[in-house]
Novice: 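Provided herewith is a single structure, encoded as structure tokens, for subsequent inquiry.
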Number of protein chains: 2
Amino acid sequence: MNKAEKFDESLQELARFAKVISHPARLAILKYLADTKSCISGDISDYLPLSRTTVSQHLKELRDVGLIHGEIDGLKINYCLCSEEIERFLGMFENFFEPVSKAKIIC
Amino acid sequence: MNKAEKFDESLQELARFAKVISHPARLAILKYLADTKSCISGDISDYLPLSRTTVSQHLKELRDVGLIHGEIDGLKINYCLCSEEIERFLGMFENFFEPVSKAKIIC
DNA sequence: ATCTAGTGTCGCAAACATACGACATTGCTT
DNA sequence: AAGCAATGTCGTATGTTTGCGACACTAGAT
């Protein structure tokens with residue numbers, strides 16, 4: 001049923017990025033990490049109104065797409081933003097929206 | 001089950017925007033409209049590898065969030081980008097990512 | 001060696017998204 | 001008025017996401 005693969009790879013990649021940031025919990029995690037620079041997984045689930053399991057899954061999605069990065073520190077895991085990948089995505093995003101934004105139309 | 005409403009309204013709004021642009025078909029529609037400036041619904045479904053029904057639904061989602069705008073012209077409907085709303089969303093997006101992007105972290 | 005704390009993974013249920021054919025509606029055209 | 005063309009909406013099937021409890025794993029503490 002899924003026809004997503006029929007589109008340009010560049011559109012698919014941007015769509016994947018958009019999907020990852022399309023949940024407020026994941027945006028909240030990014031924001032929290034931007035504030036704290038780095039913190040352990042438990043801090044994040046304490047901070048959010050979600051169970052630890054659910055937060056763990058959201059973290060996994062952010063990890064899978066490369067926006068964050070987790071470093072093992074004994075028992076704990078320190079998460080931090082991955083600036084390089086974030087920059088790459090923002091570049092793609094701007095690249096896409098530049099012509100869209102330029103096509104000034106008055107509705 | 002949905003706990004999205006437990007988060008800041010600003011995060012929810014950005015998440016809604018991200019969700020709408022999280023499908024390659026909808027990105028392709030935006031791109032197409034940026035190129036053609038304005039075109040009728042049928043042109044879009046001819047252009048995309050999807051049925052007319054499905055395209056109509058994607059158009060509805062873009063319309064609902066305000067990114068595009070359809071004007072009735074007899075039997076046809078002319079769609080065009082809604083620059084004002086696009087700018088508003090891009091502003092929100094940049095506003096959110098500015099601090100995230102600034103928190104330079106080397107992974 | 002046992003206990004505990006911090007995490008991840010599995011399996012499930014509920015909700016939501018995607019895709020489409022069939023049908024309804026509306027406005028031109030003859 | 002009858003027919004056709006452009007579009008939207010409904011119903012439905014299938015796939016994906018969200019959320020969580022129960023379980024498993026591992027590293028340090030006792």
Side-chain angles (χ1 to χ4, degrees), chain A residues 1-7 11-12 15-30 32-33 36 38-65 67-80, chain B residues 1-7 11-12 15-30 32-33 36 38-65 67-80:
Chain A
M1 190 179 78
N2 193 345
K3 300 215 165 179
E5 74 283 343
K6 293 208 175 184
F7 295 89
L11 292 185
Q12 289 186 49
R16 265 195 301 278
F17 167 59
K19 180 163 279 173
V20 169
I21 61 164
S22 76
H23 194 290
R26 291 193 288 269
L27 290 172
I29 290 172
L30 291 178
Y32 190 65
L33 286 177
T36 60
S38 170
C39 60
I40 67 164
S41 171
D43 290 350
I44 303 172
S45 36
D46 288 349
Y47 172 69
L48 297 178
L50 294 171
S51 78
R52 199 187 51 70
T53 308
T54 303
V55 171
S56 183
Q57 264 177 170
H58 285 309
L59 287 170
K60 178 170 162 35
E61 290 190 68
L62 290 165
R63 246 188 296 127
D64 285 350
V65 85
L67 287 176
I68 66 170
H69 186 264
E71 193 171 351
I72 298 169
D73 170 22
L75 241 193
K76 305 174 182 180
I77 296 182
N78 267 291
Y79 278 100
C80 60
Chain B
M1 191 179 76
N2 194 343
K3 299 213 163 179
E5 74 283 344
K6 292 206 173 182
F7 296 88
L11 292 185
Q12 288 186 49
R16 265 195 300 277
F17 167 59
K19 181 162 276 172
V20 170
I21 61 164
S22 77
H23 194 290
R26 291 192 288 268
L27 290 173
I29 291 172
L30 292 178
Y32 189 65
L33 287 176
T36 61
S38 171
C39 60
I40 66 163
S41 170
D43 291 348
I44 303 173
S45 35
D46 289 348
Y47 171 70
L48 296 180
L50 293 171
S51 78
R52 200 187 51 70
T53 308
T54 303
V55 171
S56 184
Q57 263 177 171
H58 284 309
L59 286 169
K60 178 169 161 37
E61 290 191 66
L62 289 165
R63 246 189 296 127
D64 285 351
V65 83
L67 287 175
I68 67 171
H69 187 263
E71 193 171 349
I72 297 168
D73 170 21
L75 243 192
K76 305 176 184 181
I77 296 182
N78 268 291
Y79 279 101
C80 60

Novice: Quickly work out the L48(A) CG to dT7(C) P distance and round it to whole Å.
Specialist: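 Taking atom P of dT7(C) as the reference, CG of L48(A) is at 13 Å.
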
Novice: Going 5' to 3' along nucleotides 24-30 of chain C, which nucleotides have protein heavy atoms under 4.0 Å from the base (write B), which only from the sugar-phosphate (write S), and which from neither (write -)?
Specialist: --BBS--

Novice: Rounded to whole angstroms, how far apart are CD on E5(B) and P on dT18(D)?
Specialist: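 For the pair E5(B) CD and dT18(D) P, the rounded distance is 14 Å.
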
Novice: To 10°, what angle do the rotation axes through the five end pairs on each side of the helix from dA1(C)-dT30(D) to dT30(C)-dA1(D) form?
Specialist: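 Computed from the C1' atoms at both ends, the axes differ by 10°.
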
Novice: Please check the phosphate of dG6(C) (OP1 and OP2 only) for any side-chain N or O of Y79(A) closer than 4.0 Å.
Specialist: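 For dG6(C), neither OP1 nor OP2 has a side-chain N or O of Y79(A) closer than 4.0 Å.
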
Novice: Taking atom P of dG6(C) as reference, at what distance in whole Å does atom CG of L59(A) sit?
Specialist: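 Interatomic distance, CG of L59(A) to P of dG6(C): 16 Å.
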
Novice: For S22(A) and for K60(B), locate the closest nucleotide of DNA chain D by heavy-atom distance; then report the residue assigned to the nucleotide nearer the 5' terminus.
Specialist: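 The residue mapped nearer the 5' terminus is K60(B).
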
Novice: Could you tell me the separation between the CD1 atom of I77(A) and the CD1 atom of I44(A), rounded to the nearest 0.5 Å?
Specialist: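 Here the rounded value is 10.5 Å.
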
Novice: Any side-chain N or O of K76(A) under 4.0 Å from OP1/OP2 of dT26(D)?
Specialist: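 Result: no.
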
Novice: If I compare all heavy atoms of A15(B) with all of P24(A), which pair ends up nearest, and what's the gap?
Specialist: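 Minimum heavy-atom separation between A15(B) and P24(A): CB-CD, 3.6 Å.
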
Novice: Got a second to check how far I68(B)'s CD1 is from E61(B)'s CD, nearest 0.5 Å?
Specialist: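 So the CD1 of I68(B) and the CD of E61(B) are separated by 10.5 Å.
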
Novice: Locate the shortest heavy-atom distance separating F7(B) from Q12(B); write the atom from each residue and the value.
Specialist: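 Closest heavy-atom pair between F7(B) and Q12(B): O-NE2, 2.8 Å.
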
Novice: Which letters describe nucleotides 10-17 of chain C, given B = protein heavy atom under 4.0 Å from base, S = only from sugar-phosphate, - = neither?
Specialist: B---BS-S

Novice: Rounded off to whole Å, could you give me the CG-to-P distance for the L62(A) and dG8(C) pair?
Specialist: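 Atom CG in L62(A) sits about 12 Å away from atom P in dG8(C).
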
Novice: Output the rounded distance in Å from CD1 (I68(A)) to C1' (dG8(C)).
Specialist: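 So the CD1-C1' distance, I68(A) to dG8(C), works out to 13 Å.
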
Novice: Return the residues of residues 38-45 of chain B meeting this criterion: a heavy atom under 4.0 Å from some atom of DNA chain D. Order them by number, or give none.
Specialist: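 Within this stretch, I40(B), S41(B), G42(B) sit under 4.0 Å of the strand.
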
Novice: Output yes when at least one side-chain N/O atom of H58(A) is less than 4.0 Å from OP1 or OP2 of dT17(D), else no.
Specialist: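 Checking dT17(D) against H58(A), no side-chain N or O comes under 4.0 Å of OP1 or OP2.
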
Novice: Any idea which heavy atoms bring Y32(B) and C39(B) closest together, and the distance?
Specialist: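 For Y32(B) versus C39(B), the nearest heavy atoms are CE2-SG, 3.7 Å.
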
Novice: How long is the straight-line distance from CD1 of I21(A) back to CZ of F17(B), given to the nearest 0.5 Å?
Specialist: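 Nearest 0.5 Å value for the CZ-CD1 distance: 8.0 Å.
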
Novice: D64(B) has an atom CG; how far is it from atom P of dT9(D), in whole Å?
Specialist: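 It is 9 Å, rounded to the nearest whole Å.
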
Novice: For dG8(D), does either OP1 or OP2 sit under 4.0 Å from a side-chain N or O belonging to S56(B)?
Specialist: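 Yes, within the criterion.
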
Novice: Test L62(A) against L33(A) for side-chain contact (heavy atoms from CB on, under 4.5 Å), laying out the working first.
Specialist: CA-CA 12 Å; L62(A) 290 165; L33(A) 286 177; over 6 Å; no

Novice: If you look only at distance, which donor and acceptor atoms sit under 3.5 Å apart when one is on a side chain in residues 52-60 of chain B and the other is two or more places apart or in another chain?
Specialist:
unit_1 : atom_1 : unit_2 : atom_2 : d
T54(B) : OG1    : S51(B) : OG     : 3.0
H58(B) : ND1    : R26(B) : NH1    : 2.9
K60(B) : NZ     : D64(B) : OD2    : 3.1

Novice: Taking the side chain of I77(B) as its heavy atoms from C-beta onward, which of dT7(C), dG8(D), dC20(C) lies nearest to it?
Specialist: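 Nearest to the side-chain atoms of I77(B), counting from C-beta on, is dG8(D).
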
Novice: Can you list every pair that meets side-chain hydrogen bond (donor to acceptor under 3.5 Å, both in side chains) and has a residue in residues 39-48 of chain B, with sequence neighbours left out?
Specialist: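 Applying side-chain hydrogen bond (donor to acceptor under 3.5 Å, both in side chains) to every pair that reaches into residues 39-48 of chain B, excluding sequence neighbours, yields nothing.
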
Novice: Give me the atom names and distance for the closest heavy-atom approach of L48(B) to A25(B).
Specialist: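 Closest approach of L48(B) to A25(B): CD1-O, 4.2 Å.
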
Novice: Give the minimum heavy-atom separation between N78(A) and S38(A), together with the two atoms involved.
Specialist: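 Nearest pair, atom of N78(A) first, then S38(A): OD1-OG, 3.3 Å.
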
Novice: For R16(B) and dT17(D), what is the distance between atoms CZ and P respectively, to the nearest whole Å?
Specialist: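 Whole-Å distance recorded here is 20 Å.
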
Novice: If only side-chain N and O atoms of T54(B) are considered, is one of them under 4.0 Å from the OP1 or OP2 phosphate oxygen of dA19(C)?
Specialist: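 Indeed not, no polar side-chain atom of T54(B) lies that close.
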
Novice: In whole angstrom, what separates N78(A)'s CG from dG8(C)'s P?
Specialist: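 For the pair N78(A) CG and dG8(C) P, the rounded distance is 11 Å.
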
